[in-house]
Engineer: 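Here it is, the structure, as structure tokens.
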Amino acid sequence: MGDTWSVLILRDASRGMTQFDQFRTSLGIAPNILSRRLKALTEAGVLEKRRYNERPPRDEYVLTRAGREFLPIMAVLGEWGRRHNGGGATMSHLVDDETGEPIRALVVDEASGRPLDQVPMRLVMPG
């Protein structure tokens, strides 16, 4: 997920895009770069490649469980951007399918339920 193209592909996959041409049109990405990113995301296990047409051979790319679990990470990045980068009026955002209300992503500590930005913490390196 270390490059912008991969995150944008996953964003589009979360919006229901599955086909190569859909990603290419949405992103304006060169076909060779898109092919490499789709291959890398498939190898990383966040997308699954499925054949949907034999003649001509056509594949679609769908989110795996790991890919769906990345969506909250993108949501938190979006929240950060809205808060610290100009308000984000034109930025996409999540809404609750049942209520239609906007979702404001928040990272919490699973054990305590406290928002992570309110937990005193430090990074401990292995070893």
Side-chain angles (χ1 to χ4, degrees):
M1 301 325 131
D3 67 271
T4 303
W5 289 124
S6 294
V7 173
L8 292 173
I9 291 166
L10 292 175
R11 177 205 64 191
D12 282 357
S14 75
R15 295 171 51 211
M17 293 182 196
T18 61
Q19 298 175 4
F20 187 93
D21 286 338
Q22 291 173 321
F23 292 121
R24 189 174 55 76
T25 300
S26 172
L27 300 173
I29 186 175
N32 62 327
I33 295 171
L34 178 56
S35 292
R36 283 196 302 262
R37 293 305 185 278
L38 289 170
K39 182 177 185 212
L41 290 167
T42 301
E43 289 173 352
V46 293
L47 289 177
E48 179 183 348
K49 183 177 175 179
R50 294 182 190 161
R51 178 72 33 111
Y52 72 88
N53 195 34
E54 289 299 328
R55 289 191 175 177
R58 296 280 187 254
D59 298 313
E60 65 179 356
Y61 298 86
V62 296
L63 291 168
T64 63
R65 180 177 178 176
R68 289 187 305 277
E69 288 177 357
F70 186 70
L71 299 180
I73 295 167
M74 289 192 302
V76 169
L77 289 171
E79 282 298 323
W80 182 87
R82 276 184 283 286
R83 246 182 263 135
H84 300 287
N85 201 11
T90 61
M91 293 179 73
S92 61
H93 60 279
L94 295 174
V95 294
D96 185 311
D97 275 343
E98 294 175 4
T99 67
E101 293 296 316
I103 293 174
R104 296 194 60 200
L106 174 69
V107 179
V108 298
D109 172 42
E110 184 177 25
S112 69
R114 293 189 303 173
L116 219 54
D117 65 349
Q118 297 175 14
V119 176
M121 64 180 137
R122 61 188 165 87
L123 182 64
V124 177
M125 300 301 288

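Keep in mind that this is a model prediction, so the values were computed, not measured. Values below: every heavy atom of this structure, side chains too, minus hydrogens, waters and symmetry copies.
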Engineer: Near N32 CG, under 6.0 Å, is it more than 12 heavy atoms from other residues, nucleotides or ligands?
Structural biologist: yes

Engineer: In Å, rounded to the nearest 0.5 Å, how long is the span from CZ of F20 to CD1 of I29?
Structural biologist: 8.0 Å

Engineer: Any side-chain heavy atom of V46 sitting closer than 4.5 Å to one from F70?
Structural biologist: no

Engineer: Taking all non-hydrogen atoms of both residues, which atom of E60 and which atom of Y52 are closest, and how far apart?
Structural biologist: N-CD2, 3.6 Å

Engineer: Work out which heavy atom in A105 is nearest to a heavy atom in R83; give both atom names and the distance.
Structural biologist: O-NH2, 4.3 Å

Engineer: Ignoring hydrogens, what is the shortest heavy-atom contact between I9 and R37? Give both atom names and the distance.
Structural biologist: CD1-CB, 3.5 Å

Engineer: Membership question, hydrophobic clusters at under 4.5 Å side-chain separation (ILVMFWY): are F23 and M74 in the same one?
Structural biologist: yes

Engineer: So, taking the atom named CG in L71 and the one named CG in L10, what distance separates them when rounded to the nearest 0.5 Å?
Structural biologist: 7.5 Å

Engineer: Which heavy atom in S112 sits nearest to a heavy atom in D109, and how many Å separate them?
Structural biologist: OG-OD2, 2.8 Å

Engineer: Please determine whether residues V7 and V107 belong to a single hydrophobic cluster, defined as Ile, Leu, Val, Met, Phe, Trp and Tyr linked transitively by side-chain heavy-atom distances below 4.5 Å.
Structural biologist: no

Engineer: Quick check: does any side chain N or O of S14 sit under 3.5 Å from a backbone N or O of R11, one acting as donor and the other as acceptor?
Structural biologist: yes

Engineer: Can you name the closest pair of heavy atoms from A75 and R82 and give their distance?
Structural biologist: O-NH2, 4.3 Å

Engineer: Would you say L8 ends up clustered with L94 if hydrophobic residues are merged whenever their side chains have heavy atoms under 4.5 Å apart, either directly or through other cluster members?
Structural biologist: no

Engineer: Working to the nearest 0.5 angstrom, can you tell me the gap between Y61 OH and L34 CG?
Structural biologist: 8.0 Å

Engineer: Report whether L38 and I33 are members of the same hydrophobic cluster (ILVMFWY, side-chain heavy atoms less than 4.5 Å apart, transitive linking).
Structural biologist: yes

Engineer: How many angstroms lie between atom CZ of R58 and atom CG of N53, to the nearest 0.5 angstrom?
Structural biologist: 7.0 Å

Engineer: Would the number of heavy atoms belonging to other residues, nucleotides or ligands and lying under 6.0 Å from CZ of R104 be above 12?
Structural biologist: no

Engineer: Would you please test R50 and T18 for side-chain contact (heavy atoms from CB on, under 4.5 Å) and show each step?
Structural biologist: CA-CA 10 Å; R50 294 182 190 161; T18 61; over 6 Å; no

Engineer: Could you check whether any side-chain N or O of Q22 sits under 3.5 Å from a backbone N or O of Q19, counting only pairs where one atom can act as donor and the other as acceptor?
Structural biologist: yes

Engineer: When you group the ILVMFWY residues by side-chain heavy-atom contacts below 4.5 Å and let the links chain together, are I73 and L116 in the same group?
Structural biologist: no

Engineer: Determine yes or no for a side-chain-to-main-chain donor-acceptor pair under 3.5 angstrom, with T25 supplying the side chain and D21 the backbone.
Structural biologist: yes

Engineer: Quick test of your reading: applying side chain to side chain donor-acceptor pair (under 3.5 Å), list the pairs with at least one residue in residues 63-73, sequence neighbours left out, ordered by first then second residue.
Structural biologist: R65-E69

Engineer: Between CG of L41 and CG of L47, what distance do you get to the nearest 0.5 Å?
Structural biologist: 5.0 Å

